[in-house]
Amino acid sequence: MTVDEVLEELRVPRRSWQRWRELGTGPRCLRLPNGELRVERPTLDAWLESLREAA
């Protein structure tokens, strides 16, 4: 998934995403050779589940 797709699905602003990346608390990303970031669906799902469990 692209970062924009993740942001749309989670309904969060880009600044929140950037902050999660700075803090290392967001989902794990893959960096493509062109520099773009991608999040694999299973990785996003696991990250969301970990947030549910922590709540």
Side-chain angles (χ1 to χ4, degrees):
M1 299 176 69
T2 67
V3 172
D4 287 337
E5 290 171 337
V6 173
L7 296 177
E8 184 177 327
E9 182 170 325
L10 299 179
R11 298 181 189 162
V12 297
R14 183 169 293 275
R15 182 63 190 125
S16 294
W17 172 266
Q18 292 167 338
R19 184 72 175 147
W20 295 338
R21 296 273 300 155
E22 290 169 4
L23 297 173
T25 58
R28 189 173 54 90
C29 296
L30 301 172
R31 186 170 302 276
L32 301 178
N34 65 2
E36 293 183 15
L37 296 175
R38 294 289 187 269
V39 179
E40 294 177 318
R41 168 54 69 179
T43 302
L44 180 62
D45 292 342
W47 178 73
L48 289 171
E49 184 60 32
S50 73
L51 296 177
R52 285 187 197 103
E53 291 171 1

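Sequential numbering from 1 along the given sequence is applied to the chain's residues. All values reported here derive from a predicted model rather than from experimental measurement. Hydrogens, waters and symmetry mates play no part in the numbers below; they use all other heavy atoms, side chains included.
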Problem - Any Arg21 side-chain heavy atom under 4.5 Å of Leu37 side chain - result: yes
Handout entry: Partners meeting side-chain contact (heavy atoms from CB on, under 4.5 Å) with Arg14 (sequence neighbours left out)
Key = Val3, Asp4, Leu7, Gln18
Practice task
Using a 4.5 Å cut-off on heavy atoms from C-beta on, say whether the side chain of Glu9 contacts that of Val6.
Solution key: no
Practice task
List for me each residue that meets side-chain contact (heavy atoms from CB on, under 4.5 Å) alongside Arg38, sequence neighbours excluded, and say none if there are none.
Solution key: Thr2, Leu32, Glu36
Practice task
Flag the pair Glu22 and Arg15 as a salt bridge only when some basic side-chain nitrogen lies within less than 4.0 angstrom of an acidic carboxylate oxygen.
Solution key: yes
Problem - Residues which pass salt bridge (charged side-chain N to carboxylate O under 4.0 Å, His left out) with Arg11, listed by chain and number, not counting sequence neighbours - result: none
Handout entry: Shortest non-hydrogen contact from Leu10 toward Trp47
Key = CD1-CZ3, 3.9 Å
Problem - For Arg31, all residues meeting side chain to side chain donor-acceptor pair (under 3.5 Å), sequence neighbours excluded - result: none
Problem - Residues which pass side-chain contact (heavy atoms from CB on, under 4.5 Å) with Glu53, listed by chain and number, not counting sequence neighbours - result: Glu49
Exercise for the section: Please confirm whether the backbone N or O of Gly26 pairs with a side-chain atom of Trp17, one donor and one acceptor, at under 3.5 Å? Expected result: no
Fill in the blank from the handout: Those residues at least two apart in sequence (or on a different chain) that pass side-chain contact (heavy atoms from CB on, under 4.5 Å) with Glu40 are Arg28, Leu30, Pro42, Thr43
